[in-house]
Number of protein chains: 2
Amino acid sequence: MLRLSKLADYGVVLMAELARDPECGSHNARELAELTRLPFPMVGKVLKRLTRDGLLVSQRGIHGGYALARPAEQIPVSKVISALEGPVALTACGVAPGSCEHEPSCHVRTPWEYINRAITETLDRVTVADLVRPASAIAFAELGVR
Amino acid sequence: MLRLSKLADYGVVLMAELARDPECGSHNARELAELTRLPFPMVGKVLKRLTRDGLLVSQRGIHGGYALARPAEQIPVSKVISALEGPVALTACGVAPGSCEHEPSCHVRTPWEYINRAITETLDRVTVADLVRPASAIAFAELGVR
DNA sequence: ACATAGAGGACCGGAGAGGTCCTGTAAATA
DNA sequence: TATTTACAGGACCTCTCCGGTCCTCTATGT
């Protein structure tokens, strides 16, 4: 089913949760785990990775927590996914040339590149802000989706 | 990396190989395995599934083999993928409602639906014929891809 | 009848996803 | 400065499921 890993799925949910706060303030991992009802250890793991990739900023200590590194409108969903499960690509050749043993004899590589790009661009166009906007449908009009 | 299963990957390659034959004639599994350099048992497995799903027609017996069930222009890549790894969807909720335990408390479900649909439509628009057309770029223009 | 090729399974090993836990370090408060 | 809280960065484990093989049965042509 062309599955997204749970790590990436959780990441999207958590980013959206942070963006839901109108002030985009700081929330700690435990709080986010409760809000999203996701297992706390996983939430910690995901938040750490998102921080390392520069999508979140963290604050240690007693009133520590996480906050969006940039306004939600400037964070594409594709970045969230790639931070957690590597580059968005359907096939190995879309990630790095030479990573597929069949590359020399493969006749469908070029088309796959186009498909990969089309999908990447779709995920580039959706931002974290779109995930929390109530009237999402409007925001998605530009995707050409009914 | 938002991975496609190898089964589906092989399926696409095999469908393309069948479409490359200008007469779209019948080819047996062994022959296709040699042409694509994929392991023969896997080729058999994939071809069987594609046949069960009505994308290929098969002929048993001494001059048996497989051929496209329809003209390549009428076979979207999305069908090939879904025949081999189930419905195209990034999240469980995109496959069947109620399949995700977090559904009641999840706030990003609606946006995911739109994203799922955008990606599905991308894969719907590409046909097996596009995979073998030399000047693929032209065929992909309609995807809005550079 | 016999050789060939597909149909439909069962079956197996290993990689990797999903999940937990532990130790270290930074910050705030008293 | 001691203590508590929370993030940082791993190691580590379990178990599912993917990738792959193989075997038996049935259909077809010679």
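Letters A, B, ... are given to chains in the order of the sequence lines, protein chains preceding strands, and every chain is numbered from 1.
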What does the list of N/O pairs under 3.5 Å between the protein and nucleotides 1-6 of chain D look like, with a distance for each?
{"from": "D/dA6", "atom 1": "O4'", "to": "A/Gly61", "atom 2": "O", "distance (Å)": "3.0"}

Below 4.0 Å: OP1/OP2 of D/dC7 and any side-chain N or O of A/Thr51: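 So the side-chain polar atoms of A/Thr51 never come under 4.0 Å of the phosphate oxygens OP1 or OP2 of D/dC7.
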
Quick one: is B/Ser58 getting a side-chain N or O under 4.0 Å of the C/dA5 phosphate, OP1 or OP2?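 Answer is no, no contact under 4.0 Å.
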
Counting distance only, does the side-chain N/O of [X] pair as donor-acceptor with the main-chain N or O of [Y] below 3.5 Å?
{"X": "A/Arg70", "Y": "A/Gln74", "value": "yes"}
{"X": "B/Thr122", "Y": "A/Ala118", "value": "no"}
{"X": "A/Asp53", "Y": "A/Leu55", "value": "no"}

Going 5' to 3' through nucleotides 11-23 of chain C, assign each nucleotide B (protein heavy atom under 4.0 Å from a base atom), S (under 4.0 Å only from sugar-phosphate atoms) or - (no protein heavy atom that close). ------SSBB---

Residue pair B/Arg20 / A/His107, side-chain donor-acceptor N/O under 3.5 Å: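 Yes, a side-chain donor-acceptor pair sits under 3.5 Å.
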
Flag for B/Glu73-B/Thr127: side-chain donor and acceptor within less than 3.5 Å: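 There is no such pair between these side chains.
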
Grab the [atom1]-[atom2] distance between [X] and [N] for me, whole Å please.
{"X": "B/Asp9", "N": "D/dG20", "atom1": "CG", "atom2": "C1'", "value": "15 Å"}
{"X": "A/Leu50", "N": "D/dG9", "atom1": "CG", "atom2": "C1'", "value": "15 Å"}
{"X": "B/Leu84", "N": "D/dC18", "atom1": "CG", "atom2": "P", "value": "12 Å"}
{"X": "B/Arg49", "N": "C/dG6", "atom1": "CZ", "atom2": "P", "value": "17 Å"}

Checking salt bridge (Lys or Arg N to Asp or Glu O under 4.0 Å) for the pair B/Glu34/B/Arg30: CA distance, chi angles, key distance, verdict? CA-CA 6 Å; B/Glu34 283 163 13; B/Arg30 190 166 300 277; 5.8 Å; no

Should the pair B/Asp130-B/Arg133 be classified as a salt bridge under the 4.0 Å nitrogen-to-oxygen rule?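 A salt bridge links B/Asp130 with B/Arg133.
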
Between B/Glu113 and B/Arg109, does any side-chain N to carboxylate O distance fall below 4.0 Å?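 A salt bridge links B/Glu113 with B/Arg109.
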
